[in-house]
Amino acid sequence: MRRLAIVTASVLLAACSSGSSDGTGHTSGADGGVADVNASDTADASTGDTALADGASGDALASRCNVASAMVTCAHDTLSLSDSVGMRTIAYATPLGAPPPSGWPAVVYFQGSFVAGDGAFAGKKSDPFGIYALALTVKALLDRGYAVLAPDASNNGTGFWETNIPPYATSWSGSPDDVLMQNLLAAVGSGKFGSIDASRLYAMGISSGGFMTSRMAVSYRGKFRALADSAGSYATCSATCNVPTPLPSDHPPTLFLHGDADNVVPMTAVQPYVDALRAEGHQVSVVTDADAGHEWLPEGPIAIPAWFDMHP
């Protein structure tokens, strides 16, 4: 039996860019309030079924995703954008039905090392790194009324994000990943992904993509409402972590998800980040799973949409 612990201001860990890629209980914000996130309130983690978010239209039972006995698949489209040295693919999907007047809120998913962005839209129970739970999370987000955009890292998604790799860790502006992000944000604003509300963006990622998720707070201030960092830590950290302070004053509320048995990156690598966020009064919540290793947690399909719903 899986043993779940949800610990506020506890430790979570990040996956090195150079390493492998890749029912909840309670979450707590910086104000000390606790919100129940039970399967009966939000979703069945085995299917990812959820109600549509406020403002969404259509049949709540309709979905872009299909869940079979051991596999989930989500229909999606692709778009290519430049990173200044080549083209990158962005896999994306919008919810079914008519969008809200201002457009769909959108979640940008950052892949782990070596597993391309479109890998988030399909997963088998036998897949490594919790990819099945990741695909269920994508389904849950789409069903709740969030668009999902999944850009590839370098080398057609076979590489990793360079947020914590010299020289880009300290010289980010103009790097290929930065150019890609600038072009992605511009494409959102110009409607290339469909009707998206550019004022309601969220980010989530695993492993190398967890570090990249933190980069959204550091280098794209004011663009993202909330973050969900799976097996990741501060933007420039790796297996160890020295967090520069003060952190951005507008750092988005951040949910950390981490397996206690993650041996790829020690859990101690995220503790300085969590501690710094808490010390400066930012909203933080931590989900841990005693039986999970370096993977997308099975709690993700419930915990992540609930976290984003708390920060509209």
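Position 1 is the first residue of the sequence; numbering continues from there.
Proximity of R64 to L96: side-chain heavy atoms (C-beta onward) are separated by under 4.5 Å at one or more points. S207 has its side chain within reach of H294: a pair of non-hydrogen atoms, C-beta onward, lies under 4.5 Å apart. Using a 4.5 Å heavy-atom cutoff, the side chains of L247 and Y234 are in contact. Contact check for R278 versus D275: no side-chain heavy atoms found under the 4.5 Å cut-off. M204 has its side chain within reach of T137: a pair of non-hydrogen atoms, C-beta onward, lies under 4.5 Å apart. Annotation: side chain of P151 is in contact with side chain of F110 (closest heavy-atom distance under 4.5 Å). At least one side-chain heavy atom of S190 sits less than 4.5 Å from a side-chain heavy atom of K192. Residues V67 and Y132 have side chains in contact (heavy-atom distance under 4.5 Å, counting atoms from C-beta outward).
Residues H311 and Y202 come closest through the heavy atom pair O-OH, 2.7 Å. The shortest non-hydrogen separation linking A290 to D260 is CA-OD2, 3.2 Å. Nearest approach of A106 to I196, heavy atoms of both residues: CB-CG2, 3.7 Å. Shortest non-hydrogen contact noted between L257 and A228 is CD1-CB, 4.4 Å.
Side-chain atoms of T163 never come within 3.5 Å of backbone atoms of M212 as a donor-acceptor pair (strictly under, hydrogens ignored). Between the side chain of R225 and the backbone N or O of R200 there is no donor-acceptor pair closer than 3.5 Å. Judged by distance alone, with hydrogens and angles left aside, the side-chain atoms of D127 form a donor-acceptor pair with the main-chain N or O of K124 at under 3.5 Å. In terms of modelled atom types and a separation under 3.5 Å, the side chain of S233 and the main chain of A269 share a donor-acceptor contact. Not one N or O on the side chain of N164 forms a donor-acceptor pair closer than 3.5 Å with the backbone of A169. A donor-acceptor pair is defined here as one N or O able to donate and one able to accept, closer than 3.5 Å; no such pair exists between the side chain of T78 and the backbone of H76. Judged purely by atom type and a 3.5 angstrom limit, W161 uses its side chain to pair as donor or acceptor with the backbone of Q111. No donor-acceptor distance shorter than 3.5 angstrom exists from the side chain of Y146 to the backbone of A140, with no hydrogens or angles considered. Without hydrogens or angle criteria, S230 side chain to I206 main chain gives no donor-acceptor distance under 3.5 Å.
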Checklist line | side-chain hydrogen bond (donor to acceptor under 3.5 Å, both in side chains) evaluation trace for T213 with D229 | finding: CA-CA 6 Å; T213 296; D229 191 331; 5.6 Å; no

Margin query: Under the criterion side-chain hydrogen bond (donor to acceptor under 3.5 Å, both in side chains), I'd like the reasoning laid out for H251 against E280: C-alpha separation, chi angles, the key distance, then a yes or no.
Written below: CA-CA 10 Å; H251 193 292; E280 295 180 15; over 6 Å; no

Check: Does the pair S102 and D197 meet the rule for a side-chain hydrogen bond (donor to acceptor under 3.5 Å, both in side chains), with working shown?
Finding: CA-CA 6 Å; S102 58; D197 185 348; 3.3 Å; yes

Next item on the list: Check the pair D178 / Y168 against side chain to side chain contact (heavy atoms under 4.5 Å, CB included), numbers first and verdict last.
Entry: CA-CA 9 Å; D178 175 49; Y168 303 125; over 6 Å; no

Next item on the list: Please step through side chain to side chain contact (heavy atoms under 4.5 Å, CB included) for the pair L180 and I90, ending with a clear verdict.
Entry: CA-CA 10 Å; L180 173 68; I90 294 84; 4.2 Å; yes

Margin query: Go through it in stages, so that I can follow the logic: the residues are F114 and F160, the test is side chain to side chain contact (heavy atoms under 4.5 Å, CB included), and I'd like the CA-CA distance, side-chain angles, deciding distance and then a yes or no.
Written below: CA-CA 6 Å; F114 321 128; F160 45 79; 4.1 Å; yes

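Residues Y273 and H282 place their aromatic rings such that the two centres sit no closer than 6.0 Å.
Taking CG of D152 as the reference point, atom OG1 of T89 lies at 5.0 Å (rounded to 0.5 Å). Taken from CG in D309 to CG in L141, the straight-line distance is 9.0 Å, to the nearest 0.5 Å.
A donor-acceptor contact closer than 3.5 angstrom is absent between the side chains of S285 and W307.
Legend: residues meeting salt bridge (charged side-chain N to carboxylate O under 4.0 Å, His left out) with D250, ordered by chain and number and at least two apart, are R221.
The list of ring-ring contact (aromatic ring centres under 6.0 Å, His included) pairs with a residue in residues 176-195, not counting sequence neighbours, reads Y92-F193.
The pair D177-R88 meets the salt-bridge criterion, since a charged nitrogen lies less than 4.0 angstrom from a carboxylate oxygen.
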